[in-house]
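These notes concern the structure reproduced below.
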Amino acid sequence: MSKTLWLQPDDLNPQVLQAEPWDEVVYVFDPEWLAKRPHSLKQIHFICEALASLPTPVTVHRGDPLKVFSTDRKSNGPLFVVEPRDIELRDHLAQLPSSVTINWLPKSVWLRAPDQTLKRFFKYWNAVKKQI
């Protein structure tokens, strides 16, 4: 049975991919999540560049995760997600219907978050870019 890793914005780092051998790695641009938490063009660009630079090929989808993981998947094996640091994102993922069973992996540490809360991605990026 194959294992699928569903990447989230917080965990676009190569260490997550190297933790286990993944048969499939997926990223989903979920319109419902993007409506709740709009992303700037710079954030989308950063996500796309991070996905392209990962050492493992990533299949990118745009759409409802329920449909992606019930119809578009190559396999019906277990689905793994690194627990997001963003509580709202974790709650959003946890609200998926029970037909999508998520196996939670422990939070990973990629970028050490700035001490203060930054609302604009540009300011966040300036605070963490030295860590990359």
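Residues E32 and D64 form no side-chain contact, since every pair of their non-hydrogen atoms from C-beta on lies 4.5 Å or further apart. Counting heavy atoms from C-beta on, the side chains of L93 and Q8 come closer than 4.5 Å. With contacts defined as side-chain heavy-atom distances shorter than 4.5 Å, the pair L105/L5 qualifies.
Looking at every heavy atom in both residues, P31 comes nearest to F29 through CD-O, 3.3 Å. Contact between L17 and W22 at its shortest, heavy atoms only, is O-CD1, 3.5 Å. P78 and S2 get closest at one heavy-atom pair: CD-O, 3.1 Å. Considering all non-hydrogen atoms of both residues, K3 and D23 come closest at N-OD2, 2.7 Å. Annotation for P38 and Q43: closest pair O-OE1, 4.0 Å, computed over non-hydrogen atoms. The two residues V28 and G63 have their closest heavy-atom pair at CG1-O, 3.3 Å.
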Using side-chain contact (heavy atoms from CB on, under 4.5 Å), reason through K36 and H92 one step at a time and then give a plain yes or no. CA-CA 10 Å; K36 288 180 182 178; H92 176 75; 3.1 Å; yes
Decide yes or no on side-chain contact (heavy atoms from CB on, under 4.5 Å) for V25 and L54, but give the supporting numbers first. CA-CA 10 Å; V25 181; L54 291 173; 5.7 Å; no
Using the rule given for side-chain contact (heavy atoms from CB on, under 4.5 Å), can you reason through Y27 versus T59, listing the C-alpha separation, both sets of side-chain angles and the distance that settles it, and then say yes or no? CA-CA 6 Å; Y27 187 90; T59 304; over 6 Å; no
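One distance of note links CD of E88 with CG of D91; it measures 8.0 Å at 0.5 Å rounding. Rounded to the nearest 0.5 angstrom, E83 CD and L89 CG are separated by 10.5 Å. Interatomic distance, CG of L96 versus CG of D30, reported as 7.5 Å (0.5 Å rounding). Interatomic distance, F46 CZ to L51 CG, rounded to the nearest 0.5 Å: 9.5 Å. Remark: T4 OG1 to W6 CH2 distance equals 11.5 Å, nearest 0.5 Å. The structure places CZ of F69 at 7.0 Å from NE2 of H61, a figure rounded to the nearest 0.5 Å.
Donor-acceptor pairing under 3.5 Å is recorded for the side chains of H45 and E49.
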